[in-house]
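Shown next, in structure tokens, is the structure this report addresses.
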Amino acid sequence: MAIPSFEQLDNDTWDFETMKGFQFSYMFVEFVVQQYGIDALNKLIRDPQDFNGIVQCSEVELHKKMVEYIKK
């Protein structure tokens with residue numbers, strides 16, 4: 001199963017369910033809390049575009065790290 005990009009997960013249509021968006025969103029939250037802490041998650045919720053400022057990596061790099069985390 002392909003892991004959707006963050007852009008794909010930013011979807012408020014019925015496609016969100018068919019691409020397993022809820023499951024991947026849950027895994028993303030778990031990943032951020034485990035790797036960066038609850039404060040980083042809170043900051044990402046409040047400013048979802050500031051990847052560099054919050055977790056010191058780009059959106060693409062964070063997605064790659066999340067994919068590696070999920071595949072473990």
Side-chain angles (χ1 to χ4, degrees):
M1 174 177 359
I3 297 171
S5 69
F6 294 144
E7 185 177 323
Q8 291 170 315
L9 289 173
D10 188 16
N11 179 338
D12 61 356
T13 69
W14 288 107
D15 293 338
F16 189 77
E17 166 122 19
T18 59
M19 73 171 157
K20 305 291 185 203
F22 295 108
Q23 290 86 341
F24 285 114
S25 295
Y26 173 81
M27 285 186 243
F28 176 71
V29 168
E30 178 184 318
F31 161 72
V32 170
V33 170
Q34 291 294 318
Q35 300 298 311
Y36 300 99
I38 193 78
D39 289 337
L41 177 63
N42 188 359
K43 289 175 184 176
L44 281 170
I45 290 168
R46 295 176 189 281
D47 191 0
Q49 303 305 314
D50 188 17
F51 296 102
N52 284 318
I54 297 168
V55 295
Q56 289 72 51
C57 65
S58 70
E59 179 178 349
V60 172
E61 292 169 322
L62 185 64
H63 187 268
K64 286 180 184 177
K65 290 178 182 184
M66 181 187 78
V67 169
E68 291 171 9
Y69 177 85
I70 289 172
K71 289 184 176 182
K72 286 183 182 181

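Tracing side-chain contacts under 4.5 Å through hydrophobic residues (I, L, V, M, F, W, Y), one never reaches V32 starting from V60; they form parts of separate clusters.
Each of I54, L41, L62, L44 was checked for a side-chain contact (heavy atoms from CB on, under 4.5 Å) with Y36, and the lone residue meeting it is L62. Checked against F31 for a side-chain contact (heavy atoms from CB on, under 4.5 Å), the options Q35, Q34, M27 give a single hit: Q35.
Summarising the geometry, atom NE2 belonging to H63 is positioned 7.5 Å from atom CD1 belonging to I70; distances are rounded to the nearest 0.5 Å. Separation of atoms CD (E61) and CD (Q56) is listed at 11.0 Å; rounding is to 0.5 Å.
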Do M66 and F24 pass the side chain to side chain contact (heavy atoms under 4.5 Å, CB included) test, and can you show the C-alpha distance, the side-chain angles, and the key distance before you say yes or no?
-> CA-CA 10 Å; M66 181 187 78; F24 285 114; 5.6 Å; no

